K.L.:
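There's a structure below that I have some questions on.
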Amino acid sequence: MKVKINNKDVETSVSNLQALATEMNLPEQGVAIAIDNNMIPRAGWAEKQLHEGDNIVIIKAACGG
Amino acid sequence: MLQFISHYNKQYDYLDSIRLALQGGCRWIQLRVKHASDDEVRPMALQALKMCRETGATFIIDDRVGLVQELQADGVHLGKNDMPIAEARKILGDDFIIGGTANTFEDVVAHYEASANYIGCGPFRFTTTKENLSPVLGLDGYRDIITKMKNHNIDIPVVAIGGITESDIPSVMQTGVSGIALSGEVLNAENPVEKMKKLLRIINNE
């Protein structure tokens, strides 16, 4: 499925936000994620299903993609 | 994405403002208290951190790198007259979010290269909240900066800030920014909680 992460098209096979965070090796601390402009607290990542075309914004500590 | 910046008025103090924002559903808080020492701000910051942890909100403190590290907040926001971003990164390491205030694309590049994780970009229009005001950006200013960022492959989120009101939100979001930072617009509403809910619905396009 194709999603947008920080304005870039990204292909992913995972189905929820927690899996995406794991796939991207996001750290335990210093990460904030919004889907379609809606901030998702970390406790809700596992149950947050991803959908084709989701606009995901990730703010994370440490630079680069 | 909506970042609420703590504020006060005759009716509410800084902590009230954060509590109301969280009650309204905001999940990104910046504690901004100017003209006070870290010792004065610490008790407030601890309380704000607790409220943010209870709701799963991201908690950023303006300017105070030492407090961010001591209290293990999620990150720090650095304005133009605060500590340079590169210096803050040296102190904080890679586990903290650092946001930087930018007025131009050149600022954005400098912040990105200094390892900023998001940009607070503004002011959108004239505002009395911030001292040392930079030139206003307007919609064209944001479009221009976002386009240049894409061309230069700078992919950190941009949050628009500075005098944005409810009716501005759709057009500002359409410029390609990732979010909006607000303070007075929420707190000065008749019912700040309902106002926040409404603003979030607008930002989320619901």
Side-chain angles (χ1 to χ4, degrees), chain A, chain B residues 1-4 22 25-29 52-60 68 72-76 85-86 89 92-99 111-119 146 149-150 153-159 169 173 176-180 199-206:
Chain A
M1 133 176 83
K2 237 185 209 158
V3 296
K4 252 194 167 62
I5 299 179
N6 293 4
N7 281 328
K8 274 185 192 161
D9 290 320
V10 174
E11 184 71 39
T12 181
S13 56
V14 301
S15 63
N16 69 61
L17 189 54
Q18 182 58 57
L20 183 74
T22 306
E23 187 180 68
M24 294 180 69
N25 288 318
L26 294 182
E28 285 297 307
Q29 205 190 337
V31 181
I33 304 183
I35 297 184
D36 293 336
N37 301 321
N38 200 6
M39 275 283 200
I40 316 288
R42 185 181 286 269
W45 288 3
E47 59 199 43
K48 184 69 190 176
Q49 296 298 309
L50 299 181
H51 302 99
E52 177 84 25
D54 273 351
N55 182 16
I56 302 170
V57 174
I58 300 177
I59 300 169
K60 71 178 171 80
C63 200
Chain B
M1 231 166 29
L2 196 158
Q3 183 188 72
F4 177 75
L22 291 170
C26 181
R27 290 296 175 261
W28 190 10
I29 302 292
C52 288
R53 288 288 177 265
E54 283 166 4
T55 49
T58 298
F59 181 57
I60 305 276
V68 165
Q72 296 285 301
D74 293 304
V76 67
I85 290 169
R89 180 62 75 200
L92 291 174
D94 287 343
D95 290 339
F96 293 86
I97 292 168
I98 298 180
H111 291 348
Y112 178 72
E113 287 174 350
S115 86
N117 306 119
Y118 77 91
I119 299 289
I146 298 293
M149 284 177 71
K150 276 187 185 159
N153 246 332
I154 298 177
D155 61 356
I156 52 176
V158 170
V159 176
I169 292 175
M173 288 301 291
V177 300
S178 297
I180 284 174
L199 294 170
L200 285 169
R201 281 197 298 270
I202 296 171
I203 289 187
N204 299 347
N205 243 331
E206 283 166 14

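Treat the numbers as computed from the prediction; the structure is a model and nothing was measured. Every chain is numbered from 1 and lettered A, B, ... according to where its sequence line falls, protein lines coming before strand lines. Hydrogens, waters and symmetry mates play no part in the numbers below; they use all other heavy atoms, side chains included.
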K.L.:
Which atoms of B:T58 come close to chain A, meaning under 4.5 Å heavy atom to heavy atom: side chain ones, backbone ones, both, or neither?
P.N.:
side chain
K.L.:
Can you name the side-chain hydrogen bond (donor to acceptor under 3.5 Å, both in side chains) partners of A:E52, sequence neighbours left out?
P.N.:
none
K.L.:
Mark yes or no for whether B:D155, through its side chain, and A:N6, through its backbone, hold a donor-acceptor pair below 3.5 Å.
P.N.:
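Between the backbone of A:N6 and the side chain of B:D155 there is no qualifying donor-acceptor contact (under 3.5 Å).
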K.L.:
So how far is it from B:R27 CZ to A:I33 CD1, rounded to the nearest 0.5 Å?
P.N.:
16.0 Å
K.L.:
Taking salt bridge (charged side-chain N to carboxylate O under 4.0 Å, His left out) as the definition, give me every residue that meets it alongside A:E11, ordered by chain and number, with sequence neighbours left out.
P.N.:
none
K.L.:
So which part of B:I98 gets closer than 4.5 Å to some heavy atom of chain A, the side chain, the backbone, both or neither?
P.N.:
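Answer is neither: B:I98 stays 4.5 Å or more from chain A.
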K.L.:
So for B:M149, is it side chain, backbone, both, or neither that comes closer than 4.5 Å to the heavy atoms of chain A?
P.N.:
neither
K.L.:
Quick one, A:I59 and B:W28 - any side-chain contact, counting heavy atoms below 4.5 Å?
P.N.:
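They are in contact (side-chain heavy atoms under 4.5 Å apart), so the answer is yes.
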K.L.:
Side chain, backbone, both or neither: which part of B:I97 has a heavy atom under 4.5 Å from chain A?
P.N.:
both
K.L.:
Could you tell me which residues satisfy side-chain hydrogen bond (donor to acceptor under 3.5 Å, both in side chains) with A:T12, sequence neighbours excluded, listed by chain and number?
P.N.:
A:E23
K.L.:
Among residues 35-48 of chain A, which ones touch chain B with a heavy-atom distance under 4.5 Å?
P.N.:
A:D36, A:N37, A:N38, A:M39, A:P41
